[in-house]
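Just follow the structure's listing: the first ligand is 1, and inside any ligand the first atom is 1.
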Amino acid sequence: QRILEPELMEEAAQVKAYAEADFSEPHGHFIELLKAAIDDPAFSGFALDLGCGPGDVTVRFARAFPGCTVHAVDGSLAMLEQAGRLLPKALEQRIVYVQGRLPDLDLPRQGYDIIFSNSLLHHLPDPSALWKTLLKYAGPGARIALMDLLRPHSKQQAQALLNTYAGNEPEIKRVFGLVIDFDTRLPIDEVAA
Ligand SMILES: C[S@@+](CC[C@H](N)C(=O)[O-])C[C@H]1O[C@@H](n2cnc3c(N)ncnc32)[C@H](O)[C@@H]1O
């Protein structure tokens, strides 16, 4: 049984708080893992970022792989407007933001060389939307990289994490950590399976 967050992040205060949050550690780590997996600094081609939000991972990817053009998709216009404001001038030619809601996407091309997504899956009421999109848009031999959240083991553990990492944050950011129902959590081996 899954516990979902609201699907699209459209509320202005939520978009602003998310865009201002410091995700440098997990997002930087995601890119490092990708670099190690791809193992080719000259890797080039078309990349697709699903559920790109304000574009922090998008921009990090484009910087790490200067031979790639990135199409970055989100269903929330408010998120994409924020991403546009944060887009560095030097990357304007290589990052294209597209509004679209999985699974009903109409993207500028097919056959992407790499598709990545961070923290989208737990928003999707029907997770098959993600897998259908991968099947539709991945080119032959495409790389796929997905990252999402891991549920804490107990409410106490969640509260401790919240206090450690968001103790002084405004309420709207602390709320990210509280949208959790502990009674229906899955053991990690079941998630992996
Ligand atoms: C938690 S944010 C992650 C943003 C970004 N990937 C990051 O790591 O910072 C999830 C994003 O997915 C978007 N989203 C949720 N459901 C979607 C759908 N069905 N199609 C497209 N975007 C969706 C939300 O609007 C939100 O911007």
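Among pairs with a residue in residues 57-74, those fulfilling salt bridge (Lys or Arg N to Asp or Glu O under 4.0 Å) read D56-R60, at least two apart in sequence or across chains.
For R143 (side chain) and I115 (main-chain N/O), no donor-acceptor pair under 3.5 Å exists by modelled atom type. A donor-acceptor contact shorter than 3.5 Å is absent between the side chain of Y97 and the backbone of E81. Formation of a donor-acceptor pair under 3.5 Å by the Q157 side chain with backbone atoms of H153 is found in this model.
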Check the pair Y18 / F23 against ring-ring contact (aromatic ring centres under 6.0 Å, His included), numbers first and verdict last.
CA-CA 9 Å; Y18 193 85; F23 289 114; 4.8 Å; yes
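Ring-centre distance between H71 and Y112: below the 6.0 Å cut-off.
Protein residues having a heavy atom under 4.0 Å from any atom of ligand 1 are E7, L8, M9, Y18, H27, G51, C52, G53, V57, D74, G75, S76, M79, G100, R101, L102, N118, S119, L120, H123, L124, listed by chain and number.
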